[in-house]
Every structure is written in structure tokens, then in C-alpha cells.
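Working notes, beginning with the structure itself.
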Amino acid sequence: MSALLSVRDLSVDFTTYGQTHQVLHSVSLDVPAHAQIALVGESGSGKTVTMKAIMGLLRQPPAHIRSGQIIYDGRDLLTLADSERVALRGTAMSMVFQDPMSSLNPVFTIADQMSTILKYADRRLGRSRSARDRMVRVHEVLSQVRMRDPERVSASYPIMLSGGMRQRVLIAMALLSEPALLIADEPGTALDVTTQAQILRLLKDLVTQRGLALLMITHNLGVVRETSSYVYVMNRGRVVEQAETATLFSSPQSDYTKSLIAAVPRLTGGTHYGTVMP
Amino acid sequence: MEFLSFLVKRVLWSVLVLVGLSMVIFVIARVVPGDPARMALGPRASPEQVATMQAELGLDRPLLQQYALFIEGLTRGDLGKSLLTERPVNDDIRETFAATFELVLCTMILAMGFGVPLGMIAAYWKDKWPDTAVRFFAIFAAVTPSFFLALLLQILAGYVLHLLPTTGRLPNALEFEASWTGLLLIDSLLAGRLDVFGEALRHLLLPSLSLAAATMGQMARLTRASMIDVSRQDYIEAARAFGIPEWLRVTKYMLRPSFVPPLTIMGLEFASLIGGAFVVEMVFAWPGMAAYGIRTILQKDLNAVMGVVMVSGVFFVLVNLTIDVLVGFVDPRVRIRGRR
Ligand SMILES: Nc1ncnc2c1ncn2[C@@H]1O[C@H](COP(=O)(O)OP(=O)(O)O)[C@@H](O)[C@H]1O
Ligand SMILES: [Mg+2]
């Protein structure tokens with residue numbers, strides 16, 4: 001079966017101060033269409049670098065993609081021209097940013113930021129719509145992320161919104177142009193546990209309703225359990241284990257996965273595997 | 001609301017500062033050696049004549065009483081009589097202020113209009129040759145005294161290349177009365193006199209360029225630092241991930257949040273612009289208030305000096321208040337919380 005997104009043997013180096021070290025070692029993972037996949041690993045294991053490589057956001061240098069393929073919808077993204085990659089951003093694949101407090105521009109209204117994203121996404125897709133129609137779409141998506149008062153929210157500056165609301169805005173931004181794949185890099189980890197749980201539930205509902213593919217990046221096995229059906233475990237730039245989510249929890253194979261699972265109850269103080277739902 | 005109370009506080013502070021300024025200048029002007037009456041009358045005047053004039057000017061009274069008289073005049077909007085021109089200081093300042101205002105305004109526009117884009121260019125090509133060039137220019141502009149630059153430009157552009165006029169605000173032959181705002185650029189347009197507008201602009205270029213250079217360098221440096229700082233923010237990376245084109249990220253998403261530091265410093269730089277205007281007005285025979293101030297200081301023309309200083313002070317306060325409002329417009333965080 002061919003996946004919507006398939007990362008094949010991806011190796012990435014970073015060069016800083018003349019020192020080169022390898023950050024990703026032959027990473028492979030598949031995200032089939034409509035599937036919810038998790039990539040889990042502790043901080044520094046290379047999750048964000050993987051995500052950036054997929055989105056085409058790695059700055060080269062300092063990064064260098066040594067080898068590998070990133071196949072999306074049958075095309076190897078690494079062989080595309082820059083303009084072709086940019087054309088996919090926000091339209092074929094979108095990402096949900098981790099920190100809602102710092103990922104929105106503080107000096108423009110939500111409406112301004114969202115309609116600008118939409119305007120250029122439309123342009124890349126060869127569509128056009130009036131400024132008024134763009135606002136209609138912005139309000140529509142804001143209400144889809146369960147924002148109670150879309151008109152008021154869109155007229156606000158980020159500083160006027162709570163963290164949870166800003167995170168919803170970031171999700172709405174990712175959804176504006178109906179991408180087929182959503183990549184969420186530790187969404188909501190900057191928020192309190194209750195709000196984070198709401199955000200995760202919202203994401204899961206949105207993805208299920210629309211039949212999107214989701215790559216959920218997290219360091220929290222509880223999140224994996226709640227949001228995904230298949231999981232890749234990453235450690236020090238390597239995929240050390242992959243399995244159906246249920247299988248991973250019932251019979252983990254690698255020592256690293258076992259230690260991750262063992263760590264969860266202690267961290268959250270509960271008896272279950274770090275369930276984030278209150 | 002926070003912003004409004006912030007502005008009100010600023011206004012109240014400014015009034016206090018102006019009162020303080022008036023006291024300091026009043027004392028300094030009287031402590032500096034030299035007798036105004038003697039200087040006005042010349043070395044051949046008799047001691048009696050000098051004494052009479054001192055009494056006329058109130059210089060024989062106690063300092064506190066002199067200050068009270070000055071403040072009393074100020075509240076009536078009367079700055080007294082100038083010894084140098086033997087006219088009311090009010091009239092002198094009214095005639096010269098517009099020339100300085102136009103010069104300084106043009107200077108600020110030049111400093112911002114070129115400094116900010118230069119800073120953007122340097123930040124965009126950080127550590128590449130355009131950055132090096134801009135940084136070199138900024139340092140060069142900062143260390144070049146404005147009188148030197150004024151003379152240099154005057155000789156080069158005026159006498160050698162014959163590109164631009166080197167003295168005054170308009171050619172003598174041109175008949176024009178700036179009767180609405182006193183600003184030639186505006187009044188000439190209001191009167192539909194494009195010839196006057198063009199000449200006024202040509203006359204403004206060299207003086208305002210000499211005055212603007214240092215501030216322009218300062219603006220370029222500040223904008224560069226600010227843009228580099230903002231370019232590392234998550235929201236710029238996010239804009240990239242959402243497919244916002246690069247030119248828009250630089251000119252909109254990065255520029256606006258970067259704009260507050262240079263804007264704020266512009267207000268403070270204003271004080272040194274007034275200082276620099278003294279020199280530049282002398283070199284270019286610009287009939288402005290700063291040149292008037294210099295001549296009156298040399299004559300110990302107390303009323304005129306006080307008048308010039310107070311008007312400059314009010315001017316400074318108003319410019320900074322305008323900038324406070326602009327900052328609130330540029331950065332909504334200031335408007336909403338009263339700070340960044
Ligand atoms: N810009 C960079 N320059 C140098 N090294 C980097 C850079 N970004 C990431 N790395 C390195 O890559 C490794 C993986 O980082 P990252 O993908 O951010 O981890 P994670 O997202 O799993 O917490 C880290 O060891 C980090 O030092
Ligand atoms: Mg990360």
C-alpha cells in the first residue's frame with residue numbers, strides 16, 4: 001500500500017562552529033491517507049528536525065540532508081524546486097505550531113494574519129476570492145475550531161486572547177486551505193493540562209471528521225494513546241520501534257520504549273499511562 | 001484606556017520637565033559671565049547708561065523676582081524684548097521657527113526614510129557585503145561632525161558641481177510670502193506655486209542631509225538589530241510555514257514589530273537635531289531659530305535665549321508625544337497594555 005507521506009532513510013547532519021554531527025540516522029516512517037500516526041520520543045531525539053525536513057523548513061546550512069527521500073503523493077519532495085515546495089505549504093500539508101504564545105505575530109489582528117495566509121494559499125492553488133469571501137472563510141474556520149465568537153476573535157490582536165484560544169487560531173490557520181496532511185509538533189504543551197486536553201480532543205475530532213492524515217509529534221505517551229492508531233518511537237535520531245498503538249503498550253519490544261512506558265505513571269502520578277483527559 | 005492614562009501621565013511629566021528646564025536655563029543664563037546691558041550698549045557707554053539699562057531689564061532685582069517676572073510674562077505668552085534685534089522675542093521666534101521646523105521635519109523624514117530601509121537591507125543580508133557597507137556607513141555618519149559634513153556638501157554639491165543652492169530657503173529673486181503655516185513646502189502647494197515648491201525643496205536638501213546623516217546611521221543600526229531580533233521569533237518561522245512569501249515576511253511581518261525601537265529613539269534624537277541645527281543653519285545661512293539662538297547667546301540676550309530654549313523644549317515634548325501615539329498605533333500591545 002502506498003502512503004500519502006513516506007519518509008525513506010532520511011539522514012540529516014547539522015554543522016555548527018565547524019563541527020558536524022548527525023542528527024537523523026536513516027529515519028523511515030509512513031503516514032497513510034486518513035491515518036493518525038504518532039512520532040514519540042524524548043526531547044532532543046530529532047522529532048522537530050524530522051518535521052521541518054518534511055515541511056521543507058530546514059535551513060541549509062546549518063542543516064544538510066545527507067540522504068533519503070520524502071515522498072508525498074508519489075513525488076519525492078527533496079527533488080522539487082523551492083517554488084514547488086512552497087506551493088505545497090499550507091495547501092497539501094500544514095503544521096500546527098507548538099507554542100501559541102510566540103507563534104502569532106503580535107502586531108497584526110487574527111483576521112489580518114489568517115486572510116493573508118488564505119490569500120497566498122489561494123494564489124498557489126490558482127484560485128482567487130474577494131477580501132470579503134476570505135473573511136467569510138476565516139470566520140467559518142474559526143467556528144470550526146469551536147471558537148464561540150469568530151467575529152470578535154478575528155478582530156482581536158493575539159495579546160487579547162488566552163493561550164487556548166491562540167492555539168485554536170493556530171489550528172484554524174493550518175486548516176484554512178483544507179490540507180490533506182496535518183503535522184502537529186507537540187501542540188498545546190505550552191498550555192495547562194486541561195486546555196491541552198481540549199486542544200487534543202479538538203484536533204482529533206477535526207482530523208476524524210475531515211478524513212485528514214495526522215502526524216502527531218509528542219514526547220508524551222499519553223498523547224500517543226489518545227490520538228493515534230500507529231506509533232513510531234524515536235531515540236537519538238533513530239526510529240527504534242514502530243507498532244500499532246495498542247500493541248506498543250501491551251508488548252513493547254525495545255528497552256527504550258519500555259523505559260518510556262515505565263516513566264509515564266511516575267510523571268503524571270496516575271495509574272494509567274499518562275492519560276491527558278481529565 | 002491604559003494607553004490614554006499613559007499619555008496623560010506623559011503630558012503631566014512633560015509640563016514638569018518644562019518648568020524644570022525653565023529654571024535651569026534661567027539660572028545658567030544669569031550665572032554665565034558678561035553683562036547683557038554692557039554688551040548691548042557697547043564698550044563706550046557710560047556706567048550710568050549701563051545702570052539705567054540694567055534697571056530697565058530688571059537685572060538689578062533679586063533673581064527670584066526676575067524669574068517670577070519671566071514666568072508671569074510666559075503665562076501671557078510674552079517672551080519680552082530682544083536686545084539683539086530690539087523687537088519682541090515673540091516676533092523673532094515666529095519668523096524663525098517655521099524655517100527650523102521645516103528643516104528638522106525634513107531631516108527626520110530623511111533619517112527615517114533612508115535609515116530604516118538601510119537597516120532592513122543590512123539585516124536581510126546579515127554578514128554579507130550590503131550589511132558591511134551599511135554598518136560602515138552608520139559608523140562613518142555617526143563620527144562625522146555635522147558642521148564638517150555641511151561644509152563638505154556645500155563645497156561639493158554647491159560650488160564644485162553647481163547642483164544645488166547653498167544658502168537660504170529661497171532665491172532672492174523669487175517673490176513668495178509663506179503666510180499660512182510658514183512651511184514653504186506646504187504653503188507653496190496651497191498657493192499652487194510649484195516653482196516655489198521646487199526651489200524650497202532644492203534649498204532644503206543640503207542642510208537637511210547634513211543634519212540627517214548621523215541620525216540616519218543611528219536609525220539604520222537600530223533597525224538592523226531590531227529586525228535581526230524579530231527574524232528569530234517563532235511567528236516569523238510560522239509565517240514561513242504557512243506559505244507567506246518572503247518579501248511580505250520582511251516588509252510586513254518583520255518590519256512592523258521591529259519599528260518601535262527606531263521610532264522611540266527618533267524622538268530622543270530630536271534634541272540633538274535641534275543642537276545640530278544651530279551649526280547647520282549657520283553654515284547654510286538658514287534663517288532659522290537655531291541660528292537666532294546662537295547669535296542671541298553670544299550677545300547674552302537673555303529674553304531671546306530663554307525664548308528659544310523654551311520653544312525648543314515645547315517642540316521636543318510635542319514631537320515625543322506624537323511619537324508615543326505613533327508607537328501605540330504601530331504596536332497594539334502598547335495601546336492595550338500601555339507597554340510592550
Ligand atoms: N539549528 C540547529 N543547529 C544545530 N543543531 C540542531 C539545530 N536544530 C536541532 N539541532 C539538534 O538536533 C537534535 C534534535 O533536535 P530536535 O529535532 O529539535 O529535537 P526534538 O524536537 O525531538 O526535541 C538536537 O540534538 C539538536 O541539538
Ligand atoms: Mg521539538
Side-chain angles (χ1 to χ4, degrees), chain A residues 48 51-52 54-59 82-83 85-110 112-114 116-125 155-161 166 169-170 172-177 179 183 185 190, chain B residues 1-3 6 116 120 123-128 223 226-264 323-340:
Chain A
T48 297
M51 178 277 293
K52 284 190 172 174
I54 295 169
M55 289 292 297
L57 293 173
L58 275 186
R59 294 203 183 269
D82 274 353
S83 60
R85 292 214 75 176
V86 172
L88 295 173
R89 264 181 227 155
T91 51
M93 52 174 84
S94 268
M95 62 172 299
V96 177
F97 276 82
Q98 169 177 13
D99 188 353
M101 308 316 266
S102 63
S103 302
L104 293 170
N105 198 311
V107 303
F108 298 107
T109 60
I110 302 300
D112 185 331
Q113 299 184 50
M114 288 185 71
T116 310
I117 291 172
L118 189 57
K119 180 174 164 186
Y120 287 97
D122 278 346
R123 196 169 286 185
R124 290 194 297 274
L125 291 170
S156 305
Y157 290 95
I159 191 189
M160 299 155 87
L161 305 176
R166 293 191 213 185
V169 168
L170 284 167
M173 285 178 164
L175 294 176
L176 271 173
S177 298
I183 305 178
D185 189 5
Chain B
M1 275 307 96
E2 302 257 354
F3 188 51
F6 164 77
V116 170
M120 289 172 71
Y124 185 79
W125 282 289
K126 181 174 175 288
D127 299 328
K128 307 264 167 39
T223 306
S226 190
M227 289 278 286
I228 288 172
D229 184 41
V230 168
S231 73
R232 298 192 177 120
Q233 301 291 320
D234 287 350
Y235 54 82
I236 298 300
E237 182 75 356
R240 183 163 163 245
F242 283 125
I244 305 293
E246 183 171 30
W247 64 268
L248 195 63
R249 292 204 304 271
V250 173
T251 56
K252 176 176 170 178
Y253 284 62
M254 278 165 63
L255 180 61
R256 179 101 164 247
S258 309
F259 202 55
V260 171
L263 196 57
T264 316
I323 283 181
D324 285 340
V325 174
L326 284 180
V327 165
F329 174 75
V330 169
D331 193 334
R333 289 171 294 181
V334 177
R335 220 177 321 151
I336 295 160
R337 288 191 304 203
R339 67 190 153 79
R340 285 231 285 169

Can you tell me which portion of [X] sits under 4.5 Å from chain B's heavy atoms? Options are side chain, backbone, both or neither.
X        : value
A/Ala87  : neither
A/Met93  : neither
A/Leu104 : backbone
A/Met173 : both
A/Lys119 : neither

Problem set entry | Student check: side-chain heavy atoms of A/Asn105 and B/Pro257 closer than 4.5 Å |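 They are in contact (side-chain heavy atoms under 4.5 Å apart), so the answer is yes.
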
Problem set entry | B/Arg240 (side chain) donor-acceptor with A/Leu57 (main chain) under 3.5 angstrom |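 Flag set: sc B/Arg240 to bb A/Leu57 pair under 3.5 Å.
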
Problem set entry | A/Arg124 side-chain N/O to B/Gly243 backbone N/O, donor-acceptor pair under 3.5 Å |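 Side chain of A/Arg124 to backbone of B/Gly243: a pair is present.
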
For this session: Verify side-chain contact (heavy atoms from CB on, under 4.5 Å) between A/Val107 and B/Phe259, making sure each step is shown before the conclusion.
Result: CA-CA 11 Å; A/Val107 303; B/Phe259 202 55; over 6 Å; no

Exercise. For chain B, which of A/Ser94, A/Pro106, A/Ser177, A/Gly56 has the most heavy-atom pairs under 4.5 Å?
Worked result: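 Maximum pair count with chain B is reached by A/Pro106.
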
Exercise. Which word best sums up how the rings of B/Trp247 and A/Tyr120 line up, parallel for under 30°, tilted for 30 to 60°, or perpendicular for over 60°?
Worked result: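 B/Trp247 and A/Tyr120: perpendicular rings.
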
Exercise. At what distance, to the nearest 0.5 angstrom, does NZ of B/Lys252 lie from CG of A/Asp112?
Worked result: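 Between atom NZ of B/Lys252 and atom CG of A/Asp112 there are 3.5 Å.
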
Problem set entry | Euclidean distance, B/Phe242 CZ relative to A/Leu176 CG, rounded to 0.5 Å |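 One finds 8.0 Å between CG of A/Leu176 and CZ of B/Phe242.
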
Exercise. By salt bridge (Lys or Arg N to Asp or Glu O under 4.0 Å), which residues pair with A/Asp185, not counting sequence neighbours?
Worked result: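 Expected list: none.
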
Exercise. Can you name the residues of residues 229-238 of chain B that have some heavy atom under 4.5 Å away from a heavy atom in chain A?
Worked result: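 Contacts with chain A: B/Asp234, B/Tyr235, B/Glu237, B/Ala238.
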
